[in-house]
Amino acid sequence: MRKLHSISIIIPCYNEEEVIETTHQRMTSIMQDLHKRALCTNYEILYVNDGSTDGTQKILDKIFADDSHSRVLVLRRNFGLQGALCAGLTFAKGDAAVTIDADLQDPPEKIEEMISLYEQGYDLVLGVREDRQTDTFFKRFTAEGFYNLIKILGVKIVNNHGDFRLMARALINDFNALGERNRFIRAMVLSLDNHYATVFYKRQPRLQGSTKFSLGKMLSFSLDGVLSFSFVPLRVVSIIGILCCLLALTGIIYTLCSKITGHALPGWTSTVLPMFIFSGIQLLSLGIISEYIGRLYVEVKHRPLFNIRKELTHHQ
Ligand code: UDP
Ligand code: MG
């Protein structure tokens, strides 16, 4: 059985001034307890300030000054949760890292179970929610629809797993070496390692504050998930294209026949309607293709996933 020495707890924070202090206290008491019981020899709590515009940084500065186990990464602007997590994973020093939300909706008590699975040899341990009771009807409905859709499209994903997970050092290094910009981490880790364990938990309501995911953010996240991992939409376009051609061919043959037999049916509908139908299909196809081209554009530019304004670290 392998032993866990150091562990990094990565906590992304975007305008979390209401919760961050409570989170730090609860996290610290859990980590100290694990440390006392020799489940880990050392730990760090790494906060990633994802361009917060409220008082989050002030509180993080205070936490950093008071606690030698804390570290803070300050990003230059809001890079989104996936960018913040990537920053955390790049800077984490531990032999394993756990990513967890700042609002403690995922219970940090489960970290102990994750560590024991790490000791059993798993490099990837996924936190999986038992149900979606704490979500609004809208979120539950859209999330379930989205996961079903991307599964049909062939994206490998574990239902109800968010971003609460443990990754071992070797896997973190593999992850950090990936070059792609469009990040949908919960699918990316599964594409790196199919030997994983799961830990089930009940997701709690948010401690304080409100969700940091606007509808726009959720939509762009879902699109990334589909288009970064599946080429099925492109194939569907090709199939629709082929079907349209067949349809057009039948139409031509039919008109020719009716012309020959003298039953021609010339009319407004038969000219204008197909024009609408086909231009609609063409536009739809172009739209899907341009989604991919847009992503290629982002990849080619090779923009940084995150920029660090400063790093606060205790030199031990
Ligand atoms: N978050 C972030 N950058 C963002 C949006 C969110 O770092 O642009 C963080 C946020 O501070 C929290 C986590 O991501 O720690 C999850 O966000 P939230 O709780 O708002 O999401 P929900 O639980 O509503 O899905
Ligand atoms: Mg939350």
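We're numbering straight along the sequence, starting at 1. For ligands, and for the atoms within them, numbers begin at 1 and follow the listed sequence.
- The residue Met218 has no part lying near ligand 1, judged by heavy-atom distances below 4.0 Å.
- Using a 4.0 Å cut-off between a side-chain N of Lys or Arg and a carboxylate O of Asp or Glu, Glu112 and Arg37 qualify as a salt bridge.
- Nearest non-hydrogen protein atom to atom 14 (O) of ligand 1 is Leu81 CD1, 3.3 Å.
- A donor-acceptor pair under 3.5 Å links the side-chain atoms of Asp67 to the main chain of His69, judged by distance alone.
- Taking distance alone, with nitrogen or oxygen atoms compared against 3.5 Å, Tyr14 approaches ligand 1 more closely than that limit.
- At the top of the distance list for atom 19 (O) of ligand 1, counting protein heavy atoms only, stands Asp103 OD2, 2.5 Å.
- If you look at Cys13 next to ligand 1, the close heavy atoms, those under 4.0 Å, all belong to the backbone.
- For the pairing with Tyr47, the side-chain contact (heavy atoms from CB on, under 4.5 Å) check across His24, Gln57, Arg71 returns one residue only, His24.
- Between Arg295 and Glu299 there is no salt bridge, since no side-chain nitrogen of the basic residue lies less than 4.0 Å from a carboxylate oxygen of the acidic one.
- Asp103 has its closest N, O or S atom to the Mg ion (ligand 2) at the position named OD2.
- For Phe221 and Phe184, the distance between ring centers is under 6.0 angstrom.
- Of the protein's non-hydrogen atoms, Arg206 NH2, 3.4 Å is the one closest to atom 18 (P) of ligand 1.
- Counted within 6.0 Å of NZ on Lys3, heavy atoms from surrounding residues, nucleotides or ligands total more than 12; the atom is thus considered enclosed.
- The backbone N or O of Leu227 sits nowhere less than 3.5 Å from a side-chain atom of Ser230 that would complete a donor-acceptor pair.
- Scanning the protein heavy atoms around atom 24 (O) of ligand 1, the nearest turns out to be Thr211 OG1, 2.6 Å.
- Scanning the protein heavy atoms around atom 21 (O) of ligand 1, the nearest turns out to be Phe213 CD1, 3.3 Å.
- Proximity of a side-chain donor or acceptor of Thr41 to a complementary backbone N or O of His5 within less than 3.5 Å is detected.
- Taking a cut-off of under 4.0 Å to the non-hydrogen atoms of Asn78, the atoms of ligand 1 that pass are 3 (N), 4 (C), 8 (O).
- With a heavy-atom cut-off of 4.0 Å, Asp50 touches ligand 1 through its side chain alone.
- For Ala84, no nitrogen or oxygen atom sits less than 3.5 Å from a nitrogen or oxygen atom of ligand 1, counting backbone and side chain alike.
- The Arg203 neighbourhood of ligand 1 comprises atoms 22 (P), 23 (O), 25 (O), with distances under 4.0 Å to a heavy atom of that residue.
- Paired with Asp135 under the rule salt bridge (Lys or Arg N to Asp or Glu O under 4.0 Å), one option of Arg140, Arg129, Arg206 passes, and it is Arg129.
- Distances below 4.0 Å separate heavy atoms of Lys217 from the following atoms of ligand 1: 4 (C), 5 (C), 8 (O).
- Ring geometry for Phe306 against Phe91 counts as perpendicular: the plane angle is over 60°, on a 0 to 90° scale with 30° as the lower cut.
- By the 4.5 Å heavy-atom criterion applied to side chains, Ser70 and Val72 are not counted as neighbours.
- Using a cut-off of 2.8 Å, one finds that Thr211 contributes no N/O/S atom close to the Mg ion (ligand 2).
- With a heavy-atom cut-off of 4.0 Å, Lys139 touches ligand 1 through its side chain alone.
- Looking at atom 10 (C) of ligand 1, its nearest protein heavy atom turns out to be Glu16 OE2, 3.1 Å.
- When hydrogens are left out, the protein atom nearest atom 6 (C) of ligand 1 is Lys212 CB, 3.6 Å; that is the closest non-hydrogen contact.
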